[in-house]
Amino acid sequence: MKSINLLLFSFLCISAYLNGQENREVTILKDHWKFTKGTHNGAIQPDFNDSDWQSISLPHDWAISGPFIKGGDGPTGKLPWKDEGWYRNKIHVPQHYKGKQVYLLFDGIMAFPKVYFNGAFVGEWDYGYNSFYLDITDFIIPGSENTLTIQVDTRKHDSRWYPGAGIYRKISMIAVNPVHVDIWGTYVTTPIIKPSYADVRIMTQVRNASGAEEKIQIQQTIFNQEGKLVATKESTALVRASSAKEVEVTIPLTSPRKWDISDPHLYTLTTTIKKGKEILDVYNTTFGVRSIAFTADDGFHLNGRRVQLKGVNLHHDHGPLGAVFNKRAMERQLEIMKSMGVNAIRTSHNTPAPEVMELCDRMGILVFSEVFDKYDGKMDFDPEITNFDEFSQRNIKNYILRDRNHPSIFIWSVGNEIGDVSWNIDNGFHRLHTMLNYVNKYDPTRPTTLVCDSEASAALRHFDYYDVHNWNYGRRYTLARKLEPNKSVIISESSSTVSTRGYYDLNLPKTKTDFSKTTLQVSSYDLNAPAWAEMPDDDFMWQEEDSYVAGEFVWTGFDYLGEPTPYHNDWAKENGLTDAHASYSSYFGIVDLVGIPKDRYYLYKSYWNPDQTTVHILPHWNWEGKEGTSIPVFVYTNGDCVELFLNGKSLGKRCKNPTSTIATQRYRILWDSVEYAPGELKAVAYKEGSVIGEQVLKTAGEAYQLRLSPDRKVIKSDGEDLTYILIEAFDKNGNPQPLADHQVQFEIKGEAVIKGVGNGNPRSYEPFQASTVRLFYGKAMLILGSQYSEGKVTVKASSEGLKSATTIITIE
Ligand code: GAL
């Protein structure tokens, strides 16, 4: 077992994180940060004493550790995110940076960061979800310690969900020669794609920050995914002093392998800037060759064939990790969604971390990329005082330039449910046009859209400005489609069904808004939704009937922090309760806040993945005291019929009814009333007369033992990798105990840290950063993170009265 000295490794991370390319050094400013809240203007000065500030690593979200503000604002997560925060770091700038051009690239800071370097103000940003960069060349002192100070202020930020607080995505320091490829400085498109060749058009923005004109050569080399050189071309350019020049070439690629959801093949373009024999810069761009098209009547086409979009909306937070971006946490989200049949995500309603697109490119997931949410006082933009043109140009420019080479992105959305824009209030169409113009200016190769919610606004024909109809809920696309049948339709938000994992109210709701007033949990029979929304089954049915619909994006894939509809603060007041009764996280997710599937996961899986066997019974079968009373039983399956058995006795065979006008009867198999008796409930599923699979639920005895199931038993010692360890309670015979609510303690032996715990209960006020968690309906999650050491880590979970459980994680 090898163990690396922790200090040495942190140093490596800060000062020598090279991306392996000559003449371009990228340092991730991850460790050795100091942080505090409050007003500390003196902290701008390099000699300020920050020794009593908290030592932290980035990315960081100061609010996620809580404590929860019980009577606080439910819609934004009841966490202390509204404040001022200060970050400081002493950075060693190497001597050889003298004469270099140095930038700081910020992936996202919530919100309104002001950046100071060695005591001088360098620049600022507003929109907390966007990436931006600053040129610090004139501020650095090479060969010595430099001070970076960042002030963050979320007090001016407003939100409809939990935004997070602080430097929640990474910061990179980039050092290059005066002649270099600009940040986000390449643009690769494939205007011609034929089976035997594709034209790859490459635009490179070369910057010359020196005082003299430079004549340079630009070598463009394309490698396939196996690393084989497949095409190369060299051109020359004269770049004037202190300016930038766009250099364009077209390179034919023979027999291109397409990027597709089933085979996401990626090419790498290496751009080398040379002056004679001297290499000035090497810059890599990943791209794919693929065609996208929306048709009037046949939905969306990828590489010439129809692909129905099976999408989910995802918010930016990662549950117990808060807004902190972690690549593995994101990869896991996407893996869970993909396992259900998802082939697309919508980044609702803001620019995500850049790694999200890298992952989607690699995993073959299409991306509906969105830049803004409705800005009625909820965004970092005040229509009264901000110059809209300037704000949108700057923000759309960074949004598009950063991401336009990703093959996974198939549409750009300028915003979600922007009221004044859809209703043309106060010259709203002018603003819509402004945003779309900027998108088209920076990338004319993808369709554009606006996401709408008010059906009647279609009469004003805002869709004349953009390419694809996008409507949220309730078949509201109907009028727009009637008025403009030449445009395809996406259901940009579907369903919005709400439920709590593991919780069932045996009296089925009479209406979709019939929510429990006592438990403040939503029954998991998947029949509840807010007034504006619907069941998953409705959207399935509408898409089958309206074959022009290109697909749907379910609200939402994962539960997220904030927006706890229906149990928000207003609901509490209307029902004679106080804010303290409101919940703090959403009930919309197909999986809960920690990624544990709710029943709905299996409904989507059964429909979206018809070739995989799904047989899923709900509810659980532990109803002590309900013997002889009637219990509704639903089965989600990709089969067409199910025979149900209770304690060996058949309760008959029932089938889906594909022609029913009641959507739930088409996609679920229902028994409204099964007389409860403890024991064994078994569903045997059939497809076209043959058995395809079965599921058995057994009434569990008392909880007896814990079990730990890590999603990965081996993780990397990079200080970032994670394993998600599921904790479950079982009875003596190994049956899952669906009602267990024991408090579980963790003991970690070895070099790993608890990054978070949670149980998916939208009303739990237990901290997310703790070494204990309460089981919620039999389950909870521990998120364990590696440090910079290799070795074995033993995780022990114990709870009074239960047999403890242990698992070993290898860190290498
Ligand atoms: C939509 C909105 C989403 C979310 C959702 C909840 O109208 O675009 O952000 O609030 O409602 O159903």
Side-chain angles (χ1 to χ4, degrees), residues 33-41 43-44 53-54 56-89 106-116 121 123-132 148-171 315-325 349-353 371-386 391 394-395 560-564 569 579 584-585 767-769:
W33 284 87
K34 290 293 213 168
F35 166 76
T36 197
K37 289 208 265 187
T39 301
H40 303 275
N41 295 333
I44 294 165
W53 289 17
Q54 201 187 331
I56 58 135
S57 294
L58 296 187
H60 175 246
D61 173 354
W62 78 62
I64 194 62
S65 50
F68 282 103
I69 308 157
K70 222 175 159 191
D73 182 47
T76 60
K78 298 194 178 216
L79 285 162
W81 61 268
K82 238 185 214 298
D83 213 324
E84 189 179 340
W86 286 80
Y87 292 85
R88 295 184 96 242
N89 203 343
F106 304 89
D107 288 356
I109 299 181
M110 188 62 69
F112 297 98
K114 283 191 166 59
V115 181
Y116 303 86
F121 175 71
E124 60 188 322
W125 201 259
D126 36 25
Y127 188 32
Y129 293 101
N130 215 349
S131 297
F132 66 100
L148 171 61
T149 307
I150 301 174
Q151 182 213 3
V152 179
D153 194 346
T154 49
R155 291 168 304 178
K156 290 189 276 177
H157 178 78
D158 206 350
S159 188
R160 299 195 293 121
W161 52 80
Y162 174 70
I167 307 176
Y168 70 106
R169 294 181 189 156
K170 70 179 186 304
I171 301 179
H315 257 284
H316 74 306
D317 75 69
H318 287 281
L321 305 180
V324 163
F325 182 79
H349 306 293
N350 39 60
T351 53
V371 62
F372 299 135
D373 186 35
K374 53 183 103 184
Y375 48 67
D376 45 350
K378 299 288 183 191
M379 218 172 74
D380 298 328
F381 154 61
D382 180 347
E384 297 288 307
I385 53 171
T386 311
F391 177 89
R394 190 165 39 79
N395 275 290
Y560 53 97
L561 292 165
E563 225 187 7
N569 296 50
D579 285 352
Y584 68 79
S585 76
F768 287 130
Q769 257 106 62

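Here, residue 1 is the first one in the sequence, and each next residue gets the next number. The structure presented is a predicted model; accordingly, all values stated were derived computationally and were not measured. FYI, side chains are in, hydrogens and waters are out, and symmetry mates aren't considered; it's all heavy atoms of this structure.
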**Asked** Looking at R394 and D126, does any basic side-chain N land under 4.0 Å from a carboxylate oxygen?
**Response** yes

**Message:** Determine whether the aromatic ring centres of residues W161 and Y560 are separated by less than 6.0 angstrom.
**Reply:** no

**Item:** Distance-only side-chain donor-acceptor flag, H60 / Y87, under 3.5 Å
**Value:** yes

**Request:** State, with a plain yes or no, whether a side-chain heavy atom of L561 is found less than 4.5 Å away from one of F768.
**Result:** yes

**Minimal non-hydrogen separation, Y127 against V371, with atom names** = OH-O, 2.5 Å

**Request:** Please assess Y375 against F391 for the test side-chain contact (heavy atoms from CB on, under 4.5 Å), listing each intermediate value before the final yes or no.
**Result:** CA-CA 12 Å; Y375 48 67; F391 177 89; over 6 Å; no

**Asked** Distance-only, no hydrogens or angles: does the W86 side chain make a donor-acceptor pair with backbone N or O of G38 under 3.5 Å?
**Response** yes

**Request:** Could you grab the distance from atom CG of N89 to atom CD1 of I167, nearest 0.5 Å is fine?
**Result:** 9.0 Å

**Prompt:** Are D373 and R160 side-chain neighbours, meaning at least one heavy-atom pair lies under 4.5 Å?
**Reply:** yes

**Prompt:** Closest heavy-atom contact between D579 and K78?
**Reply:** O-NZ, 2.7 Å

**Request:** May I have the step-by-step check of side-chain contact (heavy atoms from CB on, under 4.5 Å) for F121 and K114, ending in yes or no?
**Result:** CA-CA 8 Å; F121 175 71; K114 283 191 166 59; 4.2 Å; yes

**Asked** So do the side chains of H157 and M110 get within less than 4.5 Å of each other, counting heavy atoms only?
**Response** yes

**Complete:** Taken to the nearest 0.5 Å, the spacing of N395 CG from N130 CG works out to 4.5 Å

**Message:** Distance to the ring centre below 6.0 angstrom and angle to the axis at most 45 degrees; does that hold for K156 and F112?
**Reply:** yes

**Request:** Return yes if some donor-acceptor pair links the side-chain N/O of R169 with the main-chain N/O of D107 below 3.5 Å, else return no.
**Result:** yes

**Asked** Has the side chain of Y129 got a donor or acceptor atom that lies under 3.5 Å from a matching backbone atom of H316?
**Response** no

**Request:** Could you please spell out the steps behind the salt bridge (charged side-chain N to carboxylate O under 4.0 Å, His left out) verdict for R155 and D83?
**Result:** CA-CA 5 Å; R155 291 168 304 178; D83 213 324; 5.7 Å; no

**Prompt:** Under 3.5 Å, side chain of T149 to main-chain N/O of A43, donor-acceptor pair present?
**Reply:** yes

**Prompt:** Do the side chains of F106 and S131 get nearer than 4.5 Å, heavy atoms only?
**Reply:** no

Side-chain donor-acceptor distances from residues 66-75 under 3.5 Å, at least two apart:
unit_1: D73; atom_1: OD2; unit_2: T76; atom_2: N; d: 3.4
unit_1: D73; atom_1: OD2; unit_2: T76; atom_2: OG1; d: 2.8

**Request:** With ring-ring contact (aromatic ring centres under 6.0 Å, His included) as the test, would you mind laying out the steps for F132 and W125 before giving the verdict?
**Result:** CA-CA 7 Å; F132 66 100; W125 201 259; 5.2 Å; yes

**Request:** Output, in order, the C-alpha distance, side-chain angles, deciding distance and verdict of side-chain contact (heavy atoms from CB on, under 4.5 Å) for I64 and L321.
**Result:** CA-CA 7 Å; I64 194 62; L321 305 180; over 6 Å; no

**Asked** Just wondering, do W33 and I150 contact through their side chains at under 4.5 Å, heavy atoms?
**Response** yes

**Fill in**
For S65 and W62 the tightest heavy-atom approach is OG-O, 3.7 Å

**Prompt:** Any idea which heavy atoms bring A323 and Y168 closest together, and the distance?
**Reply:** O-CD1, 3.2 Å

**Prompt:** Should the pair E84-K37 be classified as a salt bridge under the 4.0 Å nitrogen-to-oxygen rule?
**Reply:** no

**Request:** Indicate whether the side chain of D61 and that of Y162 have a donor and an acceptor atom separated by less than 3.5 Å.
**Result:** yes

